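Lettering of chains follows the sequences in order, A, B, ..., and the numbering in each one begins at 1. Just so we're clear, the structure is a prediction, and the values are computed from it rather than from any experiment.
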There are 2 protein chains.
Amino acid sequence: MTFSRPAEDEVDRLVAAWKQERPDLDVAPLEVLSRVSRLSRHLERERRAAFASHDIESWEFDVLTALRRSGEPYELSPGALLRATLVTSGTMTNRIDRLAAAGLVTRRPDPEDRRGVLVRLTRAGMDRVDAAFADLLRRERELLAGLDQHEQQALARLLRTLLVPFDAPSDALDNGLR
Amino acid sequence: MTFSRPAEDEVDRLVAAWKQERPDLDVAPLEVLSRVSRLSRHLERERRAAFASHDIESWEFDVLTALRRSGEPYELSPGALLRATLVTSGTMTNRIDRLAAAGLVTRRPDPEDRRGVLVRLTRAGMDRVDAAFADLLRRERELLAGLDQHEQQALARLLRTLLVPFDAPSDALDNGLR
DNA sequence: TCCCAATATCTTGATGTCAAGATAACTCGA
DNA sequence: TCGAGTTATCTTGACATCAAGATATTGGGA
């Protein structure tokens, strides 16, 4: 009986297939980046499942948590929200419309800048997001159970290195969102 | 003059904010999983940019590469394609329709199974995808330039561990795609 | 003070995706 | 041989997202 050799994932199979078909190409980048993409898709499914029981959608959660973690008075501009969630301005307008209609946020003109708007978490919004967040953390912890604490930290560090160039606070780099 | 302390990314700021607002929660899972999600979004933008110059869309690329790397005769069923690309069957039907209309694939009934269909890459589809793939690999290599080869392998290994439970070949686990 | 580029948000139209369910064909055990 | 359950694909309708551009406001330099 043979068991538990180093387990393969779909990316191992995908890379092996490329080596067969295009031995001239170095597909090493896929070992990392294909895994990031695929894992992200799987995660998104998990999130949806976790949220279903809390009557909240994934896109709602993203906006509400950004407000929640900003602290008192739980209020941010649409611009700050779209930078936090990596969506376009049109998408954010639409999201805020629907969250406001659901009573989870309110919208008011920014007294300091007449172009601006401030979006504020309501009590209902806070309750909703707190419950969902606790549950999400529980499930995410399970997904990470295959790695010990040290490995998780190593993974976080490596990912951070890749992320820094994108997140550099308003350096010369523009990530193209507006 | 102070410079180049261990650089922060957006997730560091996000985690710090949570620790302030909800010191009762252990948000460690976000260190890994938030980074995976955010990196994936950034990657998707990069892909779009890389593909724009090859007149190909990201979703087209995903389908065409699956066919390309499957080798002669570059032919797969829609079912195999949706498993490779992690989309639903409705999405795949739609994608194949449009790829066929663009002359990048053909569709024919499966002679072995009258429920089935076989999707085949055309010469035009192959040329398109090969050019785009070479370019994508070039750009992905740049994104990974911040990590040396050893670190990239470590990262790939850690990600694989997280992915295996999702990709386990048709074990008891069902990932919910159909 | 005036003007213009930059900023903040919203609007519009096209498009891709998903969930749910319909249809048809296959498989295997009784 | 029959039928129930499974499998493969497609259809439908709702909906979220994006890109591009419109509108209003601000701020800094001439």
Euclidean distance, atom [atom1] of residue [X] to atom [atom2] of [N] [Å, nearest integer]:
X: A:Leu82; N: D:dA16; atom1: CG; atom2: P; value: 18 Å
X: A:Asp110; N: D:dT25; atom1: CG; atom2: P; value: 13 Å
X: B:Met92; N: D:dA8; atom1: CE; atom2: P; value: 14 Å
X: A:Ile96; N: C:dA8; atom1: CD1; atom2: C1'; value: 11 Å
X: A:Arg48; N: D:dC15; atom1: CZ; atom2: P; value: 15 Å
X: B:Arg83; N: D:dA8; atom1: CZ; atom2: C1'; value: 9 Å
X: B:Asp97; N: D:dT12; atom1: CG; atom2: P; value: 12 Å
X: A:Leu81; N: C:dT9; atom1: CG; atom2: C1'; value: 12 Å

- Item | Closest-nucleotide 5' rank along DNA chain C - winner of B:Asn94 and A:Ala80 |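 On the 5' side of the pair lies A:Ala80.
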- Message: Among residues at least two apart in sequence or on other chains, which ones pass ring pair (Phe, Tyr, Trp, His ring centres under 6.0 Å) with A:Phe51?
- Response: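 Once residues adjacent in sequence are excluded, the partners of A:Phe51 under the ring pair (Phe, Tyr, Trp, His ring centres under 6.0 Å) criterion are A:Phe61.
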- Query: What residues, two or more places apart in sequence or in another chain, satisfy ring pair (Phe, Tyr, Trp, His ring centres under 6.0 Å) together with A:Trp18?
  - Reply: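 With neighbours one apart ignored, the set is B:Phe133.
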- Message: So, using side chain to side chain donor-acceptor pair (under 3.5 Å) as the criterion, who are the partners of B:Arg35 when residues are at least two apart?
- Response: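 Side chain to side chain donor-acceptor pair (under 3.5 Å) list for B:Arg35, sorted by chain: B:Asp9, B:Asp12, B:Glu31.
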Of all residues at least two apart in sequence or in a different chain, which pass the salt bridge (charged side-chain N to carboxylate O under 4.0 Å, His left out) check with [X]?
X: B:Arg68; result: A:Glu21, B:Asp130
X: A:Arg157; result: B:Glu151
X: A:Arg139; result: A:Asp135
X: A:Arg47; result: A:Glu44, A:Asp62

- Is atom CZ of A:Arg114 surrounded by more than 12 heavy atoms (other residues, nucleotides or ligands) closer than 6.0 Å?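 No, because the 6.0 Å sphere around CZ of A:Arg114 holds 12 heavy atoms or fewer from other groups.
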- Message: If the test is side-chain contact (heavy atoms from CB on, under 4.5 Å), which one of B:Thr65, B:Val63, B:Leu67 qualifies with B:Val129?
- Response: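 Among B:Thr65, B:Val63, B:Leu67, the one meeting side-chain contact (heavy atoms from CB on, under 4.5 Å) with B:Val129 is B:Thr65.
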Looking at [X], does any N or O in its side chain come under 4.0 Å of the phosphate oxygens OP1/OP2 on [N]?
X: A:Arg41; N: C:dC18; value: yes
X: B:Arg95; N: C:dT17; value: yes
X: A:Arg98; N: D:dA14; value: no
X: A:Thr88; N: D:dC18; value: yes
X: A:Arg45; N: C:dA19; value: no

- A:Ser89 side chain, from C-beta outward: closest of D:dA20, C:dA20, D:dC18: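 Nearest listed nucleotide: D:dA20.
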- Excluding sequence neighbours, so at least two apart, what forms side-chain contact (heavy atoms from CB on, under 4.5 Å) with B:Ala154?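 Here the qualifying residues are A:Leu158.
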- Item | Set of residues satisfying side-chain contact (heavy atoms from CB on, under 4.5 Å) with respect to B:Glu60, sequence neighbours excluded |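 Result, side-chain contact (heavy atoms from CB on, under 4.5 Å) vs B:Glu60: B:Ile56, B:Glu57, B:Leu99, B:Leu104.
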- List in numerical order all residues of residues 58-79 of chain A for which some heavy atom is under 4.0 Å away from an atom belonging to DNA chain C.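 DNA chain C contact set from residues 58-79 of chain A: A:Ser77, A:Pro78, A:Gly79.
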- Query: Per the atom types in the model, does the base of C:dC18 pair as donor or acceptor with the side chain of B:Thr91 at under 3.5 Å?
  - Reply: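 No, no donor-acceptor pair under 3.5 Å.
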- Query: Can you tell me how far the OG atom of A:Ser77 sits from the CZ atom of A:Arg83, to the nearest 0.5 Å?
  - Reply: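 One gets 6.0 Å once the value is rounded to the nearest 0.5 Å.
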- Message: Please encode protein proximity along nucleotides 22-27 of chain C as a string of B, S and -, counting only heavy-atom distances under 4.0 Å.
- Response: --BBS-
- Task: Would you work out how much the helix from C:dT1-D:dA30 to C:dA30-D:dT1 bends between its ends, with each end axis defined by five base pairs, to 10 degrees?
- Result: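 Terminal axis comparison yields 20°.
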- Message: So B:Arg108, base contact, sugar-phosphate only, or nothing? Heavy-atom distance under 4.0 Å.
- Response: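 Since no nucleic acid heavy atom lies under 4.0 Å of B:Arg108, the category is nothing.
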